[in-house]
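Residue numbering restarts at 1 for every chain, and letters A, B, ... go by the order of the sequence lines.
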Protein chains: 2
Amino acid sequence: MDPFSFAVAADLVVLTIRDRALHVLLVERGIEPAARAWALPGGFVLADEDVEAAAYRELAEETGVAAGIHLEQVRTYGHPARDPRGRVVSVAWLALAPDLAEPFAGSDARSARWWPVAAVESGALPLAFDHVAIFADAVERARAKLEYSALAMAFCPPEFTIAQLRAVYEAVWGVPVDPRNFHRKITGAPGFVEPTGTLSREGGRPAQLFRAGPVGQLQPPLTRLGH
Amino acid sequence: MDPFSFAVAADLVVLTIRDRALHVLLVERGIEPAARAWALPGGFVLADEDVEAAAYRELAEETGVAAGIHLEQVRTYGHPARDPRGRVVSVAWLALAPDLAEPFAGSDARSARWWPVAAVESGALPLAFDHVAIFADAVERARAKLEYSALAMAFCPPEFTIAQLRAVYEAVWGVPVDPRNFHRKITGAPGFVEPTGTLSREGGRPAQLFRAGPVGQLQPPLTRLGH
DNA sequence: ACAATAGTGTCTATGAGACATTATACG
DNA sequence: CGTATAATGTCTCATAGACACTATTGT
C-alpha cells in the first residue's frame, strides 16, 4: 500500500469582536460537496507548502490581511469518512483578529460573512462536514487561553485602553468583569502591558493607551467562573 | 495538481515514571532514513484508518498494551522537508502510562527502551528528524496539564495512594511538593479522587487507596513554580 | 524498640472579589 | 453645567505556602 494518498487541508476558525460580541468568519460554499452550506474557510495544503503557510495563505485570501493576526494550531481531525471527496485530514487553526472589514468570498465560495458565535453554538446555524466540532474546540481554546495568556490583545489594535481589553474578555467569556479588579490585575502584572504615554479621546475622560508587553503569561491567571 | 499526495504519520511521545524519574519510550531505527538513530515510535496511518486508531495501534505494537493508557493529541508537524521520504505530515500524540514492562522493538526497529527525559532534554541523546521539537512540546504539555487536571492519575495504577500521586508530580515537574499541602488540596477537591476503603501495605504505616473521581479538573490548580 | 511511611493542624501572607467615588474631557 | 467615560482604594474572606509531630504497621 502506498501511504502517499492523503490530502491535507487547513481549516480556519477566525474570531473577532464586533458590536461587543464574539463573531466567527464563515463561508457559504459554492460547489459540491455541501454546496450552499456554511462552513469554516479553508483549503488544501499545496504539495510543497508548509501547513502553517497554507493557513496564512487561506487567511489572507478570505480576510485580505495576514500580518499582525494571531494564528495558532488547534488540532487535527482525521476520521476516514469526514470528507466525501476522499481521505482528507484537516489541520485546524485558530486566528484572532481586531475588528476587520467585511471578508471576501474565495474562489469556491458564494459568500462570506461574520456570524455571531452564539448563533453557531445554539445550533441555529448548522455547519458542513465536522466543522461544528472544530469550531467548538477552537472557541473553547480561546476562552481557556484568555485566563493565563496575553491572547486577548490579539483582538485589539496595537494600542488599546484597559477598557477595550476588558471588553474583549467580556465578549469572549460572555460574563461581566469588574473594572477595578481588572485594571488592578492587568496593570499590576509586571511586563504584561506597558503604557505608551499617549491618551485616547473618545467620549468621556481620555484613557491611557497601552501596548502588549514582553511577558505573554498572566501569573496568577484570571478566572472566568468567578469560583 | 492532485492534492492526494501526502502521507500522514502518527508519532508517539510515551511517558512513564521509573525509579522516581520521568522516562520516554524511544526506538532505535533499523532502516533508512536515519538508521541507528533514536527516534519516537510511530508509523504511517493506513489508508482507511482513523488517525487516532493509528496512534493506538502503534502504541500497542511498541508496548504490548493500549487499554487504560491515556492518549491525547498534541499537534501536527508539517514542514515540507521534515522527512526525506517525501511529503509526510506527522500528528503527534502524548501517551501516559503506569510503569510498564520493557517495550518491544517494532518491525522497523533494532531496539526499543525507556530513556530518562532528562537525557533527551540535556541534548545528550539526539533524536532523528524533528523529533526533539515534538518531544519538547509533548513534555511541556504534560507538565502544564498536571497543574489543572487529573492527568497525573494516568501515570498511576487504577488504585493509588496520595503519596504515589505526589511522587508523580515530583517526577514530572522535577521539584519537591509539600506532603501536607498536597494531601489537603487533593483530598479537599470535591470529586477529584475517591477513597476505595482499602489500604495499601508496603513498608510503614498502611495508606488509604484512592481511585480517580468523576471530576477531571482541579480548581484552583496546583502550581509548579512555587511563585 | 526501632524503622519506615502515613497522616494531620496552625499560622502568616497574599490575592480574589465586592463595592462607590472622584477625575477629566467634550458639548 | 451636564454627560460620558476613566481611574482608583479599602475591606473581607479564602487559600497558598511554610513548618513538626503523632499514628500505624512490620521486623
Side-chain angles (χ1 to χ4, degrees), chain A residues 19-20 146-148 152 156-157 159-171 173 175-211 215 217-227, chain B residues 19-20 146-148 156-157 159-171 173 175-190 192-211 215 217-227:
Chain A
D19 308 325
R20 312 223 127 211
L146 282 207
E147 293 189 347
Y148 59 89
C156 296
E159 301 197 347
F160 51 86
T161 66
I162 299 294
Q164 273 176 52
L165 189 64
R166 183 165 48 82
V168 170
Y169 279 85
E170 294 186 329
W173 286 348
V175 297
V177 176
D178 182 87
R180 288 156 293 192
N181 296 336
F182 184 81
H183 194 281
R184 165 160 47 93
K185 182 137 186 176
I186 296 296
T187 55
F192 194 64
V193 292
E194 41 193 34
T196 64
T198 57
L199 301 175
S200 87
R201 53 194 61 211
E202 30 180 320
R205 172 176 170 179
Q208 277 278 355
L209 284 171
F210 292 82
R211 71 172 74 88
V215 177
Q217 301 285 311
L218 191 58
Q219 180 68 5
L222 287 160
T223 51
R224 52 182 152 155
L225 304 175
H227 69 100
Chain B
D19 307 326
R20 314 222 125 212
L146 283 207
E147 294 189 346
Y148 59 88
C156 296
E159 301 197 346
F160 51 86
T161 67
I162 299 293
Q164 274 177 49
L165 190 64
R166 183 164 48 83
V168 170
Y169 279 85
E170 293 185 328
W173 286 347
V175 297
V177 176
D178 183 89
R180 288 157 292 192
N181 295 336
F182 184 80
H183 194 283
R184 167 161 43 95
K185 184 136 186 177
I186 295 297
T187 55
F192 194 64
V193 292
E194 41 193 33
T196 63
T198 57
L199 299 175
S200 87
R201 52 193 62 211
E202 30 180 319
R205 172 176 171 181
Q208 277 278 354
L209 284 171
F210 292 83
R211 70 171 75 88
V215 177
Q217 301 284 312
L218 191 57
Q219 179 68 7
L222 287 160
T223 51
R224 52 182 152 155
L225 303 174
H227 70 101

For DNA chain D, stems built from three or more consecutive Watson-Crick or G-U wobble pairs below 3.5 Å: C:1-27 with D:1-27
Sequence neighbours excluded, which residues qualify as side-chain hydrogen bond (donor to acceptor under 3.5 Å, both in side chains) partners of B/Q208?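 Partners of B/Q208 under the side-chain hydrogen bond (donor to acceptor under 3.5 Å, both in side chains) test: none.
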Where do N or O atoms of nucleotides 24-27 of chain C meet protein N or O atoms at under 3.5 Å, pair by pair?
none

Can you list the residues that meet the salt bridge (Lys or Arg N to Asp or Glu O under 4.0 Å) rule with A/E170, with sequence neighbours excluded?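 Applying salt bridge (Lys or Arg N to Asp or Glu O under 4.0 Å) to A/E170 gives A/R166.
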Taking salt bridge (Lys or Arg N to Asp or Glu O under 4.0 Å) as the definition, give me every residue that meets it alongside B/R180, ordered by chain and number, with sequence neighbours left out.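 Listed in chain order: B/D178.
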Contacts of type side chain to side chain contact (heavy atoms under 4.5 Å, CB included), residue A/A189, not counting sequence neighbours: A/F192, A/L218
Rounded distance in Å - CG (A/L209) to P (D/dT5): 16 Å
Those residues that, when tested against B/Q164, pass side chain to side chain contact (heavy atoms under 4.5 Å, CB included) (two or more places apart):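 Side chain to side chain contact (heavy atoms under 4.5 Å, CB included) check on B/Q164 returns B/P157, B/F160, B/T161, B/E202.
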Could you give all pairs that pass the side-chain hydrogen bond (donor to acceptor under 3.5 Å, both in side chains) test and reach residues 189-198 of chain A, with sequence neighbours left out?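 Passing the test, one end in residues 189-198 of chain A: A/T196-A/T198.
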Among D/dC19, D/dA7, C/dC19, the nucleotide that comes nearest once only the side chain of A/Q208 is considered: D/dA7
Atom CZ of B/R166 and atom C1' of C/dG7: how far apart are they, to the nearest Å?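 My rounded result for the distance is 11 Å.
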By a strict heavy-atom criterion of less than 4.0 Å, which residues belonging to residues 180-189 of chain A are in contact with DNA chain D?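 Output list: A/R180, A/H183, A/R184.
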For A/A152 and A/L146, work out which heavy atoms get closest and say how close.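 Taking every non-hydrogen atom into account, N-CD2, 3.4 Å.
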Student check: side-chain heavy atoms of B/L209 and B/P195 closer than 4.5 Å: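 A side-chain contact under 4.5 Å is absent here.
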With sequence neighbours excluded, what pairs up with B/R184 under the side-chain hydrogen bond (donor to acceptor under 3.5 Å, both in side chains) test? B/N181
Just wondering, do A/V215 and A/P190 contact through their side chains at under 4.5 Å, heavy atoms? no
With sequence neighbours excluded, what pairs up with B/F182 under the ring pair (Phe, Tyr, Trp, His ring centres under 6.0 Å) test?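 Checked B/F182 against ring pair (Phe, Tyr, Trp, His ring centres under 6.0 Å); matches are B/Y169.
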Over how many whole Å does the gap from A/D178 atom CG to D/dA7 atom C1' extend?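 Rounded to the whole Å, the gap is 13 Å.
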Report yes if at least one side-chain N or O of B/S200 is closer than 4.0 Å to OP1 or OP2 of D/dT25; otherwise report no.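 Answer is no, no contact under 4.0 Å.
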